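Some notes on the structure that comes next.
These numbers were taken from a predicted model, which means no experiment stands behind them.
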Amino acid sequence: MPEDIKKETIDNETAENKAEEIEIEGADEESTQAAEEAKDTDVNETESDDDALADADAKADDKSDEKSDEKKGLFKKKKKDKKDEQIEELNDRLKRQMAEFENFRKRSEKEKSQMFDMGAKTIVEKILPVIDNFERGLAAVPDDKKDDPFITGMDKVYKQMLTELDAAGVKPIECVGQEFDPDFHNAVMQVENDELESGTVAQELQKGYMYKDSVVRHSMVSVVQ
């Protein structure tokens with residue numbers, strides 16, 4: 001091959017290679033530019049997302065601040081001033097004093113009732129010997145003189161006294177035929193009796209009385225052996 005043709009062929013190949021390199025470089029530049037544009041787009045979108053999140057956070061912070069302000073306002077409203085505290089303190093003291101007064105009133109009434117019962121019991125104890133004397137005197141009257149006006153009058157006075165004592169809560173203790181009970185009976189002797197069981201009250205020697213629920217005087221009795 002002639003040298004001119006060979007040189008021309010080499011030059012053509014070199015030119016083609018350069019053109020390909022230029023095309024490749026252009027393509028690389030275009031791809032690089034596209035990548036940079038996409039990157040910029042991503043960055044912008046990321047920035048916009050960040051801005052949106054920041055706005056949401058700011059709104060949430062504002063709402064939380066508003067709620068905290070509302071809570072503070074409520075706390076401020078709930079906070080009592082000195083006048084309300086003094087009123088509550090005075091009301092509490094008044095309730096306590098009223099409760100103490102009510103307890104004192106109940107205790108005083110109970111003590112008064114106990115004192116009244118003690119006084120009544122003392123009076124009853126003093127009246128019982130008079131009742132005993134009436135019973136002994138009337139029991140000693142002969143049968144032919146029981147219709148005497150004086151004896152009849154004494155009997156009426158005796159029955160009237162028993163009626164008033166019964167109305168006041170004074171009642172005689174039942175004992176004859178009852179089982180001996182040391183809370184109500186005072187045994188002074190033992191007797192033999194085939195009709196009654198052992199430990200039963202056979203005879204009443206002195207009548208016993210009760211005032212309401214307490215024993216004023218125990219019955220003096222004899223007990224079967």
Side-chain angles (χ1 to χ4, degrees), residues 50-135 156-188 199 201 204-221 223:
D50 293 337
D51 294 336
L53 292 173
D55 293 336
D57 292 336
K59 290 179 180 179
D61 293 335
D62 293 336
K63 289 182 179 179
S64 63
D65 292 336
E66 290 177 358
K67 289 182 179 179
S68 62
D69 292 337
E70 290 178 357
K71 290 181 179 179
K72 289 179 180 178
L74 291 174
F75 288 141
K76 287 181 180 179
K77 290 179 180 179
K78 290 181 179 179
K79 188 177 180 181
K80 299 175 182 177
D81 56 11
K82 292 183 178 180
K83 291 183 179 179
D84 294 335
E85 291 179 356
Q86 290 178 353
I87 291 171
E88 288 187 358
E89 184 179 357
L90 291 174
N91 287 332
D92 184 65
R93 290 175 60 184
L94 179 61
K95 290 178 181 179
R96 290 177 182 274
Q97 290 180 354
M98 290 179 65
E100 290 177 358
F101 177 76
E102 184 66 18
N103 293 332
F104 172 75
R105 185 182 65 81
K106 291 180 179 179
R107 187 169 58 253
S108 298
E109 289 180 355
K110 186 176 180 180
E111 292 176 354
K112 187 188 295 184
S113 177
Q114 290 176 351
M115 291 176 65
F116 178 81
D117 291 341
M118 290 177 63
K121 188 176 179 180
T122 302
I123 298 298
V124 171
E125 288 176 351
K126 293 180 178 180
I127 293 176
L128 291 181
V130 179
I131 300 296
D132 295 338
N133 290 330
F134 266 101
E135 290 176 350
K156 288 182 179 180
V157 173
Y158 165 71
K159 290 180 180 179
Q160 184 180 4
M161 292 182 67
L162 290 181
T163 301
E164 295 299 328
L165 289 173
D166 184 74
V170 180
K171 299 182 182 298
I173 298 174
E174 298 293 335
C175 59
V176 178
Q178 302 291 326
E179 184 179 358
F180 175 76
D181 188 349
D183 293 333
F184 302 100
H185 308 143
N186 181 19
V188 294
V201 176
E204 182 182 58
L205 304 177
Q206 187 181 44
K207 189 176 293 186
Y209 290 89
M210 291 186 64
Y211 173 67
K212 294 183 178 180
D213 295 331
S214 61
V215 177
V216 178
R217 187 176 71 182
H218 291 75
S219 298
M220 189 179 298
V221 298
V223 183

What's the verdict on salt bridge (Lys or Arg N to Asp or Glu O under 4.0 Å) for Lys121 and Asp117, showing C-alpha distance, side-chain angles and the deciding distance? CA-CA 6 Å; Lys121 188 176 179 180; Asp117 291 341; over 6 Å; no
Taking [X] for its side chain and [Y] for its backbone only, find out whether a donor-acceptor pair lies under 3.5 Å.
| X | Y | value |
| --- | --- | --- |
| His218 | Asp183 | yes |
| Asn186 | Pro182 | no |
| Asp166 | Leu162 | no |
| Asp92 | Glu88 | no |

Quick check: do [X] and [Y] have side-chain heavy atoms less than 4.5 Å from each other?
| X | Y | result |
| --- | --- | --- |
| His185 | Ile173 | yes |
| Arg217 | Gln206 | yes |
| Ile131 | Leu165 | yes |

For a side-chain contact (heavy atoms from CB on, under 4.5 Å) check, start with the C-alpha distance between Arg105 and Glu109, then their side-chain angles and the critical distance, and finish with the verdict. CA-CA 6 Å; Arg105 185 182 65 81; Glu109 289 180 355; 2.8 Å; yes
For the student: nearest non-hydrogen atoms of Val223 and Ala187, plus distance: CG2-CB, 3.6 Å
For Lys212 and Val170, what are the C-alpha separation, side-chain angles and deciding distance, and is it a side-chain contact (heavy atoms from CB on, under 4.5 Å)? CA-CA 6 Å; Lys212 294 183 178 180; Val170 180; over 6 Å; no
Whether over 12 other heavy atoms sit under 6.0 Å from Glu174 CD: no
Give the C-alpha distance, both sets of side-chain angles, the deciding distance and a yes or no for side-chain contact (heavy atoms from CB on, under 4.5 Å) between Lys171 and Tyr209. CA-CA 6 Å; Lys171 299 182 182 298; Tyr209 290 89; over 6 Å; no
If you apply the rule salt bridge (Lys or Arg N to Asp or Glu O under 4.0 Å), what do you find for Lys207 with Asp132, and how did you get there? CA-CA 8 Å; Lys207 189 176 293 186; Asp132 295 338; over 6 Å; no
Tell me, with the steps shown, if Leu205 and Val188 meet side-chain contact (heavy atoms from CB on, under 4.5 Å). CA-CA 9 Å; Leu205 304 177; Val188 294; 3.2 Å; yes
